[in-house]
Enquirer: 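One structure, pasted below without further comment.
Throughout, protein chains are lettered first and strands after them, A, B, ... in sequence-line order, and every chain is numbered starting at 1. This structure is a prediction, so every number in the text was calculated from the model and none was measured.
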Amino acid sequence: MLVSARRVVRAPLDSADVTSGTKTTQLPAQYSPGEVETRRYEGWVEAGYFQAEAESDAPPFSVVIPPPNVTGSLHIGHALDHTLIDALIRRRRMQGYNTLWLPGMDHAGIATQNVVERELAKDGLSRHDLGREAFVERVWQWKAESGGKILGQMRRLGDSVDWSRERFTMDAGLSRAVQTIFKRLYEDGLIYRAQRIINWCPRCLTALSDIEVEHTEDDGELVSIRYGDGEDQIVVATTRAETMLGDTAVAVHPDDPRYARLVGREIKLPLTGRSIPVVADPHVDPDFGTGAVKVTPAHDPDDFEIGRRHDLPSLVVMDERGVITAPGPFEGLDRFEARPAVVAALRADSRIVAERRPYVHAVGHCSRCGTTVEPRLSLQWFVKVEPLAKAAGDAVRDGRVKIYPQEMSARYFDWVDDMHDWCISRQLWWGHRIPVWYGPDGQVVCVGPDDEVPAGPGWEQDSDVLDTWFSSALWPFSTLGWPDDTPDLRAFYPTSVLVTGYDILFFWVARMMLFGLYAMAAAGPDESVPFRQVALHGLVRDQYGKKMSKTRGNTVDPLDWIDRFGADATRFTLARGATPGGDVAVSEDWVAGARNFCNKLWNAVRFAQLNGAITSRGVPPADQLTAPDRWVLSRLRAVTQEVDALFEQFEFAKVSDALYHFAWDEVCDWYLELAKAALYGPDEAAANATRQVLGEVLDRLLRLIHPLLPFVTEELWTALTGGESVVIARWPGQVTDGAPGALPQPPADPAAEAEIEALMRLVTEVRRFRSDQGLRPGQQVPARLAGLDATVLADHDGRIRTLSRLSEPGPGFAPTASVHAEGVTIELDTAASLDVAAERKRLAKDLAAAQADIEAVGRKLANASFVERAPAEIVAKNRERLAAAQAEAAQLTERIAALPT
RNA sequence: GGGCGCAUAGCUCAGCGGUAGAGCACUCGCCUUACAAGCGAGGGGUCACUGGUUCGAACCCAGUUGCGCCCACCA
C-alpha cells in the first residue's frame, strides 16, 4: 500500500479542551479491529446476550444454522451465510424478540468418512484394518478436533448464536429423533426395503441418492453390435459394451414392423453364446438408433424395469468395485478395461457393424469423489416420497412457507413435484445405523428408541447407516428436543427464517419440508412447517465473477480477511453483495473499502466526542434546531424506514448500500461539516442543540448498522453513549408483529431537506469553480453573495461561506469572476487574475449541457402527442426544465461573452 | 433433451416505462483544525443485436447472437 511520504503525524487533540455531555473514553485516530473483536465477543457471551429463553412473553424469532460439515473448516460461503443470519437475528434481538440462533454441526457421513479414511491411508491403513468400532471411534476424535476449529471461526465472525443450545447431528438426542421418525415412517409404510438399481460409487463403495450424482457431458463411444445369427439378426447400440455380458433380452417397440416377426423368439448373444429372448416393450423408442435395445436388468435402471415387466432374469456381471465377475476372458477386468476388451473381441468376431461413433453423453459422477457412478442392483432402504412431497409442495403453494426470491420456488416445485423415491441406506460406518434387526428366521424388526432390541443367536442389526441428509432433514425440530414436547420446541417451532444457499435447496431445504410437515403434523397445517420463510442466497465468487475453486487458486479464507481487515469489514463486503438469490463477487480491494467504512464511522464518533456530543436526551424542540439539524433528522427518519423495509425483504445489499451512503455521504461529508458552524459559533443554545442532534443521530446510526457491523458499532456506541451494549439496545426502526415498542421517529422536514439540498448544489458549484481555477483548498476567497434572500437559501450565508471557503468582501474588493447556481450569484475576488481558459472551458461545458437539454426537452414538447397524452405532471416538469435550461444557456452565453479575451 | 436466468462505465453489479447509478479502478488538486484507511473536483456508457408496442423503452413483447445455471433413465 502506498503511503504519502509527506504525511505528517499530528499530535492528538487534547481531550481536556473538550466539553463532553457524557462520560466517555477517548478514541484513538484509527480503528484497530483485531484488538476489539475477541474482547467484545467474549464479553457478549459472558453477558448472556445470545441466550434465548424457553419461557418468555416476547414473541419468538428463531433460526437454525445450516449445520456445517464437521469436516474441514468454514469457507467464505459460510461467512456469507452467517453474516446474513446474524444480521437478521441481531435486528430482531434489538427489536425485543426472544431470539434464538441455534448453532451446530453435521456429521456429514460420507464426506467425513472419506477424510478420515484418507488420514488412515497415510499410515497405510484402511478402515477394515481398524474394524468398525475402532474406526468410528477414530472419526469421533477427528470430529472433536475439526469441530472445535469451526466453533472458533464462528466466534471470530461474530455469530450471535446461543452456545447453550449447540447441537450435533450424532448427539444422543438427535439420534433418538432419527430412530423415532424412521420407525414411524416404517410403520406408515413410507420406508421400505427393496431390491433396486441404485446409483453406486465403486470407490466409496456405497449407494448414493439421485442428487448425490452429478452429470457431466463426457466423451464416449456408441458401438453398434449385431446380435443373433442368419435370419434372426438385430443390431443394438451401446455406450457400455461390457454390460452386454449381462444382457438377458433384446427389446423392441411392440408396433415396430421391422422386428414383429422376431418378438418372442430367442437369439444368440455374441461372445457368451447364451440365447436371449426378444421382447416387445413400449418404453423402446422405435425412432432412436435401430429401434432395438439390449436389456441388462442388473446394470441399468431402464433395463431393470423392462426386465421386471417381462420377468427376465437379472444377471450380475460386475462386483461392487466395478470389476467384471462374469466367467470368461473378461473376468477380473475393471469396467473401463473390460469395455475396450469387449469391443475388440466383438470386432474379431465381426460383430461390430458400421463405425464406432464418438458420442458425447451425460455421465453420472459421485458428487463426493468424482468417480463414474455405476448403476447397481442391490437391496437398499428407501423413503416413499410421493405423499410427503405432495405436502411439501402444497405448503409453498398455499403460502405457509415463502421462498425469497420468489423465482426460486419454480425450481423447488420442479423437484418436489417429480421426485423419485429416496435411497437412504449407505454402506458406510460413520452415521446413524439403520434401526432394523434381522432374525434367524427371516424376521425384520424396526426398533424405536424406547423399544427392546431383539437379542439372541442369529439376530443382527442392519449394517448400513442412513444418508447424512436424513438427519439433516430433521434439524429444525430434532435440535429443539423432538420427539419430546419440550418448552424449546413449543417456543421456537416453526422456526422463523431459513437462510441458506440455493445450492442446497433440494438436498436440504426440500427434505426439511418433507420431514417437518410429517413429524409435526399434529401441530396443524400452519404450525407444522419447519420455517415460515426461506431466504436463499448465492455462491461467493471472485472479483471477475468466477467460481472459487482450489484448482483455480482463487479461494478466500475468511479468517485471513478477518485477521487483516476485521470481521466487520469481511461481513460488510459479503452483505453488500448479497442480493436475494444472487451470487456475490468479492475481492480484497473491496474488503479494504469496507474496512475504510468502519474507520469512517470510527472517526465520525471521534469527532462527536471531541465536540461534546450529547446522547440520551432525545431531540430538542424544533425551534431550537438549525436547518442542518432538521435536515439530518429528517433524512435519518427516511433512511430508517427504508432499512426496515429492505430487511423484511432480505435485501441485504440494499440495506448495506443505504446505510453506507447515508453515513458517509450525508452524515460525514455534509452534516458534520455543517455542524461545525453551529458548534464553533457564538450561539450557545444552537451549539447545544446541535450537540444533542449529533449525539442522537450517531447513536441511532450505530444501532442501525450494528446488525451488519457488530464489533465496531459496539465499541463506538458504548464509547459514545456510555450505555451497556448496543447488542441489547433498542432498534430505532419500526417494530412488527407485536414486539415491544419502537423508539419515536425523528420528525420529517421537507423544507429543511430542500434547503440543504440546494445548499449542497450551490457549494459544489463553487468548489468546482475553485478546482478549475486551481485555487488552493485552504485559501479564503473574498466573495459577495447576491440574490440569496430570494431563494430557499435565505438563511444560509454563513454556511455557504464556511463550506466554500469564502470570506467577507473587504475594502478594495474587486470581483474577477462569478458563479451562478440555485438563483444565487456569487462574485469572487480571486486576487490572482482569472484563468480565463479554464473558466471558458468550464462555462462552455455547462453551456453544451444546457443546449443538449434544450434540444432534447424542446423536441419532446414540440411533439403534440406527448403534450396531449403524457400525464400533465410530466409535461409540466418538462416545461420547467426547458425554461430553466434556456435561462441557464442565456446566462452562460452572456458570461462567456463577458470573459476577457 | 427439458426448464430457468443473464447480457448496463475498465471490473463486479443496482436500476426494470418518463433527465443513465454505486463500489472498486482511473485523472487532477490538496498534510482543510474527526478520518491520507482521508478531503475536494473530474473523466468514462449508441444500457448485446434486430424488429415491434407506446407520446416516450435500458426497462414491456418477439426474434437473433453470446454466456451461465438447474434438471434429465433414450440405449
Enquirer: Separation of Gln30(A) atom CD from C31(B) atom P, in whole Å?
Expert: 20 Å
Enquirer: Work out how far the P atom of A57(B) is from that of U50(B), and round it to whole angstrom.
Expert: 15 Å
Enquirer: So what does Glu765(A) touch, heavy atoms closer than 4.0 Å: a base, only the sugar-phosphate, or nothing?
Expert: nothing
Enquirer: Can you tell which of C69(B), G38(B), A75(B) lies closest to the side chain of Val293(A)?
Expert: A75(B)
Enquirer: Go through the steps for Ser409(A) and Gln406(A) under the test side chain to side chain contact (heavy atoms under 4.5 Å, CB included), then give the verdict.
Expert: CA-CA 6 Å; Ser409(A) 39; Gln406(A) 222 215 315; 4.3 Å; yes
Enquirer: OP1 or OP2 of U54(B) sitting under 4.0 Å from any side-chain N/O of Ser865(A)?
Expert: no
Enquirer: From the options C73(B), A75(B), A34(B), select the nucleotide whose nearest atom is closest to the side chain of His361(A).
Expert: A75(B)
Enquirer: Determine the interatomic distance between P on C11(B) and the same-named atom on C26(B); round to the nearest Å.
Expert: 15 Å
Enquirer: Taking only Lys NZ, Arg NE, NH1 and NH2, and the carboxylate oxygens of Asp or Glu, determine whether Lys877(A) and Glu880(A) approach each other closer than 4.0 Å.
Expert: no
Enquirer: Using a 4.0 Å heavy-atom cut-off, does Ser587(A) contact any base of the nucleic acid, only the sugar-phosphate backbone, or nothing at all?
Expert: nothing
Enquirer: Classify the nucleic acid contact of Tyr680(A) as base, sugar-phosphate or nothing, counting any heavy atom under 4.0 Å across all strands shown.
Expert: sugar-phosphate
Enquirer: Could you go through Arg768(A) and Asp846(A), starting from their C-alpha distance and side-chain angles, then the distance that decides it, and tell me whether this counts as salt bridge (Lys or Arg N to Asp or Glu O under 4.0 Å)?
Expert: CA-CA 12 Å; Arg768(A) 190 157 81 99; Asp846(A) 288 355; 2.6 Å; yes
Enquirer: The side chain of Lys654(A) lies closest to which of these nucleotides: A14(B), A37(B), U19(B)?
Expert: A14(B)
Enquirer: Using only side-chain N and O atoms of Trp415(A), determine if any of them is under 4.0 Å from OP1 or OP2 of C4(B).
Expert: no
Enquirer: Starting at CG of Asp256(A) and ending at C1' of A75(B), how long is that distance when rounded to a whole Å?
Expert: 15 Å
Enquirer: Ring of Trp670(A), cation from Arg767(A) - is the NZ or CZ under 6.0 Å from the centre and inside 45° of the axis?
Expert: yes
Enquirer: Between atom NE2 in His253(A) and atom C1' in C74(B), what is the gap in whole Å?
Expert: 14 Å
Enquirer: Using purine N1 to pyrimidine N3 plus N6-O4 or O6-N4 for Watson-Crick, or N1-O2 and O6-N3 for G-U wobble, both under 3.5 Å, which nucleotide pairs with G23(B)?
Expert: C11(B)
Enquirer: Can any side-chain N or O of Arg770(A) pair as donor or acceptor with the backbone N or O of Arg776(A) at less than 3.5 Å?
Expert: yes
Enquirer: Could you please name the option among C24(B), G38(B), U12(B) that lies closest to any side-chain atom of Lys600(A)?
Expert: G38(B)
Enquirer: Could you check whether any side-chain N or O of Ser807(A) sits under 3.5 Å from a backbone N or O of Gln780(A), counting only pairs where one atom can act as donor and the other as acceptor?
Expert: no
Enquirer: If you only use heavy atoms from C-beta on, which nucleotide in G23(B), C30(B), A34(B) is closest to the side chain of His661(A)?
Expert: G23(B)
Enquirer: Rounded to the Å, how far apart are Asp542(A) CG and C24(B) P?
Expert: 19 Å
Enquirer: Using a 4.0 Å heavy-atom cut-off across all strands, classify Asp285(A) as base, sugar-phosphate, or nothing.
Expert: base
Enquirer: Looking at every strand, decide which applies to Ala864(A) at a 4.0 Å heavy-atom threshold: base, sugar-phosphate, or nothing.
Expert: nothing
Enquirer: If we call it a pair only when both distances are under 3.5 Å in a Watson-Crick or G-U wobble match, what pairs with G56(B)?
Expert: none
Enquirer: Separation of Asn596(A) atom CG from A34(B) atom C1', in whole Å?
Expert: 15 Å
Enquirer: Check every atom of A75(B), C35(B), U12(B) against the side chain of Arg606(A) and return the nucleotide holding the closest atom.
Expert: C35(B)
Enquirer: On RNA chain B, compare the nucleotides closest to Ala292(A) and Arg541(A); which residue's is nearer the 5' end?
Expert: Arg541(A)
Enquirer: Is there a donor and acceptor pair closer than 3.5 Å between the side chain of Arg768(A) and the base of A41(B)?
Expert: no
Enquirer: Using a 4.0 Å heavy-atom cut-off, does Gly545(A) contact any base of the nucleic acid, only the sugar-phosphate backbone, or nothing at all?
Expert: sugar-phosphate
Enquirer: Could you tell me the Watson-Crick or G-U partner of G40(B), where both distances fall under 3.5 Å? Say none if there is no partner.
Expert: C28(B)
Enquirer: For Tyr680(A), I'd like to know if atom OH has over 12 heavy atoms of other residues, nucleotides or ligands within 6.0 Å.
Expert: yes
Enquirer: Can you measure Tyr502(A) atom OH to C4(B) atom C1' for me and round it to whole angstrom units?
Expert: 12 Å
Enquirer: Under 4.0 Å between any heavy atoms, over every strand shown, what does Asn599(A) touch: base, sugar-phosphate, or nothing? Just pick one.
Expert: base
Enquirer: Expressed as a whole number of Å, how far does the C1' atom of G45(B) sit from that of A58(B)?
Expert: 11 Å
Enquirer: Would you call the rings of Phe650(A) and Tyr404(A) parallel, tilted or perpendicular, where under 30° means parallel and over 60° means perpendicular?
Expert: perpendicular
Enquirer: Under 3.5 Å for both donor-acceptor distances, Watson-Crick or wobble: does G5(B) have a partner, and if so which one?
Expert: C67(B)
Enquirer: Just compare C70(B), G23(B), A37(B) and give me whichever is closest to any side-chain atom of Arg411(A).
Expert: C70(B)
Enquirer: What about Arg805(A), does its side chain sit under 3.5 Å from the base of U33(B) through a donor-acceptor pair?
Expert: yes
Enquirer: Which nucleotide, if any, forms a Watson-Crick or G-U wobble pair with U33(B), using both distances under 3.5 Å?
Expert: none
Enquirer: Which one is paired to C73(B), where only Watson-Crick or G-U wobble pairs with both distances under 3.5 angstrom count?
Expert: none
Enquirer: In this structure, how many angstroms lie between the P atom of C35(B) and the NZ atom of Lys676(A), rounded?
Expert: 9 Å
Enquirer: Give none if G51(B) has no partner; otherwise give the nucleotide forming a Watson-Crick or G-U wobble pair with it, both distances under 3.5 Å.
Expert: C61(B)
Enquirer: Using whole Å, report how far CZ of Arg770(A) lies from C1' of C28(B).
Expert: 16 Å
Enquirer: Would you please confirm or rule out a distance under 4.0 Å between OP1 or OP2 of G42(B) and any side-chain N or O of Lys845(A)?
Expert: no
Enquirer: Determine which nucleotide pairs with U46(B), using a 3.5 Å limit on both distances of a Watson-Crick or G-U wobble pair.
Expert: none
Enquirer: Closer to the 5' end of RNA chain B via nearest nucleotide, is it Val763(A) or Glu651(A)?
Expert: Glu651(A)
Enquirer: Just checking Ala870(A): base, sugar-phosphate only, or nothing, at a heavy-atom cut-off of under 4.0 Å?
Expert: base
Enquirer: Using the C1' atom on both, measure A9(B) against A22(B) and round to a whole Å.
Expert: 11 Å
Enquirer: For Leu775(A), report the nucleic acid contact type (base, sugar-phosphate, nothing); a contact means any heavy atom under 4.0 Å.
Expert: nothing
Enquirer: Under 4.0 Å between any heavy atoms, over every strand shown, what does Cys598(A) touch: base, sugar-phosphate, or nothing? Just pick one.
Expert: nothing
Enquirer: Using the C1' atoms only, state how far A7(B) lies from A14(B), rounded to an integer number of Å.
Expert: 15 Å
Enquirer: Starting the side chain at C-beta, find the nucleotide from C11(B), G18(B), A41(B) nearest to Pro871(A).
Expert: G18(B)
Enquirer: Look at all strands and tell whether Phe288(A) reaches a base, only sugar-phosphate, or nothing, counting heavy atoms closer than 4.0 Å.
Expert: base
Enquirer: Does one side chain, of Asp589(A) or Ser587(A), offer a donor that lies under 3.5 Å from an acceptor on the other?
Expert: no
Enquirer: Cut-off 3.5 Å, side chains only: do Asp247(A) and Tyr227(A) have a donor facing an acceptor?
Expert: yes
Enquirer: So does Tyr359(A) get a side-chain nitrogen or oxygen closer than 4.0 Å to the phosphate oxygens (OP1/OP2) of A75(B)?
Expert: yes
Enquirer: When you get a sec, tell me which of U54(B), G40(B), C74(B) is the closest nucleotide to the side chain of Arg869(A)?
Expert: U54(B)
Enquirer: Of the candidate nucleotides U19(B), A75(B), A34(B), which contains the atom at the shortest distance from the side chain of Val284(A)?
Expert: A75(B)
